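To start, the structure itself, in structure tokens.
Bear in mind that the values here come from a model prediction, so they are computed numbers and not experimental data. Residue numbers begin at 1 in each chain, while the letters A, B, ... track the order of the sequences.
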Amino acid sequence: MRDLIEVCAPLIYESVSEFPVSEEHISSLIGPATDGRMADVAIPCHSLSGVFKKSPIEVAEEICRVISPSLEGVAITSTINGFVNLKADPRWLSSKTMSLLPDERLGVKKEISRKIVVDYSAPNVAKEMHVGHLRSTVIGDAIVRMLQFKGHQVIRENHIGDWGTPFGMLIEHLIDEGEEKFALEKGISDFDNFYKEARSKFSDDSEFANRARARVVLLQGEDEDTLRLWKVLVDVSTSYFNEVYGMLGVLLDNDDLMGESAYKHLLPQVVERLDESGLLVESNGASVVFLGGKWVNREGQPFPVMIRKADGGYNYSTSDLACIIDRVERLSCDELLYVVGTPQKQHFEMVFEVAKKAGFMNDTHSAIHVNFGSVLDSNGQMLKSRAGQSVKLVDLLRESISRAGQAIAERNSELSDEETVRISKIIGIGAVKYADLSTDRAKDYVFDWDRMLSFEGNTAPYLQYSYARISRIFSLSPISRDSLKETKIELLAEEEQNLARCIVNFSESLDQSASSFHPHKLCTHIHTTSSAFASFYEACPVIKADDEGVMASRLALCDLTARVISTGLGILGIQSPEMM
RNA sequence: GGGCGUGUAGCAUAGCCUGGAUAAUGCACUGGCCUCCUAAGCCAGGGACCGCGGGUUCGAAUCCUGCCGCGCCCGCCA
């Protein structure tokens, strides 16, 4: 109810000017009501008790009496327990709602555009995509869409693991297996096996291990044939990633790839510049940065950010520092977001601190670790990839689609086979994504098929069902959807008013979601809206309304509701089916 | 040991940044509602010492502090 506060606040200041309170004081008290049933906006008057030398209850009554006339037609005032309560007047609410009818953006304003790099997904070449990549990919995609919608220039960066020592063994294994065979057979799947085979040969077969080590040297020396083999692995992997991205319906494509290999020429420069800034220290033959402060290890000794190992190799931190240089200096971005799991929190804190101290970033740049929790199984255990036993992302998505298909087949026999296939994908993928997005990303969440695919509760299928119901109304409506832009909306029933509130609050909710990089806030709002629609749907006949004006008004509400749901879900990367 | 995070009905969560009312939502549970736009729904109801103790405040789930439980991180891996 941001808009209501904006309208009311000046009127309230003016009305209370005769009282011995400052505008700031009153302003600090006006806020959204904590209990939506009591009011939209509230002024708790308890702290004014001393100034007025009266009880909070009397103060509230006095303020209410004074402000009520000026709020005529905007808000309905009342008092209880020392609160002045303002409830949106249906007239104000309806005019606000009507103003959104012709607005494609449903009241969402664009911000002054910033250039924002979002680093997310980050699968590894020649390895399977698993549940951990799911979270990064889905959350990152939603954040990218939110920021774009708010008018920002977003640069997607998929920092794939395509460089480093494992490629020695991977390339040798590729040679052993035969590259033609590999390229043909590895379309979708089975990277896990390939990687495991290479790994076990590396540990069991010393001849292979020697070849692998020699191959790493060749790779780093950019030997032509080695690079070509490396490229085979990268190409097959990225086309696999693209298949998964296509299945998931996320924005990532080949243009967004910026693998570790892309930064390798910057690595010596990182060392040089850290050295020039005086941060670099030699420690046991390695080059490191000691940040001091709270960064101590188990023994209480300061522990370092490793920049260059004693063997001359570079480290993860070095690569991330190179990224920062590239993003700040080549892309000249204002903001750097890293959609990466919480376990790496400390790593990013340290890297950002080094980057600031070394002047790779200045005060105008902000680097934010958009962290997320782990996906747990039903026993509360982490689904880890390296331990093996990880769930392959493609299998998981396929299963979700298949389960969704069964669920809709049980419920609606009118759908053709073709429609069932199409809609199963929308619902299956939507369910997985929404389950991931709808709770606070920083917390762990338990992966539960039954819950995410339930058509009840705060789930994608429930929201999609609301949208499908509205679409059904329009398919039966005598009034076309396009002709509703100028419709007079009248909010007679309580259910209509509650629905209108949700529609009006959409922009505020999106703003909060986008500014905090917390997609679940938007999810909560879409669910509240769908729920308000379901109550409205029961209580207020639309195309069966007796009066034509009422029908048009309700159709307009349906149109806005559908747009809140589909725009909201769209920003989360989830589709809204017109039937299901 | 140090650092970070987390703890809210049987279960899963929101609210915590920015203190405000009888702590909100969903699942599950109980009871109602389909000759009527998709009942995949709606309505009503029961269910919570907001981990525990102190502090700040007129007022604390929210801020501060101390404990306790759980998790993660602290590698010349990424």
**Item:** Residue pairs, two or more places apart or on separate chains, that pass salt bridge (charged side-chain N to carboxylate O under 4.0 Å, His left out) and touch residues 430-439 of chain A
**Value:** A:R135-A:D436
**Request:** Just jot down the salt bridge (charged side-chain N to carboxylate O under 4.0 Å, His left out) partners of A:E353, sequence neighbours excluded, or say none.
**Result:** A:K357
**Prompt:** Considering residues at least two apart in sequence or located in another chain, which fulfil the side-chain hydrogen bond (donor to acceptor under 3.5 Å, both in side chains) criterion with A:D559?
**Reply:** A:R481, A:R563
**Item:** Short side-chain N/O contact from A:S516 to OP1 or OP2 of B:C17, under 4.0 Å
**Value:** no
**Prompt:** In terms of heavy-atom contacts, does CD of A:Q575 have more than 12 from other residues, nucleotides or ligands at under 6.0 Å?
**Reply:** no
**Prompt:** What nucleotide among B:U13, B:A40, B:G15 has an atom nearest to a side-chain atom of A:K521?
**Reply:** B:G15
**Where at least one partner belongs to residues 283-296 of chain A, residue pairs that pass salt bridge (charged side-chain N to carboxylate O under 4.0 Å, His left out), sequence neighbours excluded** = A:K294-A:E349
**Request:** Summarise how protein sits on nucleotides 24-37 of chain B as a single string, 5' to 3': B when a protein heavy atom is under 4.0 Å from the base, S for sugar-phosphate-only contact, - for no contact.
**Result:** SSSSS-------SB
**Prompt:** How would you label the contact of A:A310 with the nucleic acid (heavy atoms, under 4.0 Å): base, sugar-phosphate, or nothing?
**Reply:** base
**Qualifying residues under side-chain hydrogen bond (donor to acceptor under 3.5 Å, both in side chains), relative to A:H347, sequence neighbours excluded** = A:D320
With the criterion being N/O to N/O and under 3.5 Å, what pairs connect the protein with nucleotides 6-10 of chain B, and how long is each?
residue	atom	partner	partner atom	Å
B:G7	OP1	A:K443	NZ	3.0

**Pairing stems for RNA chain B [at least three consecutive pairs; Watson-Crick or G-U; under 3.5 angstrom]** = B:1-7 with B:68-74, B:10-13 with B:24-27, B:29-33 with B:41-45, B:51-55 with B:63-67
**Asked** Going by the side-chain hydrogen bond (donor to acceptor under 3.5 Å, both in side chains) test, which pairs reach into residues 160-170 of chain A, not counting sequence neighbours?
**Response** A:D162-A:S261
**Prompt:** Which residue pairs pass the salt bridge (charged side-chain N to carboxylate O under 4.0 Å, His left out) test with at least one member in residues 451-472 of chain A, sequence neighbours excluded?
**Reply:** A:D448-A:R451
**Selection from B:G20, B:C74, B:G71 that lies nearest to any side-chain heavy atom of A:L29** = B:G20
**Fill in**
Those residues at least two apart in sequence (or on a different chain) that pass ring-ring contact (aromatic ring centres under 6.0 Å, His included) with A:F533 are A:F536, A:Y537
**Prompt:** Counting only side-chain N and O atoms of A:K309, is one of them less than 4.0 Å from OP1 or OP2 of B:C77?
**Reply:** yes
**Prompt:** With A:R308, which residues qualify under salt bridge (charged side-chain N to carboxylate O under 4.0 Å, His left out), at least two apart?
**Reply:** none
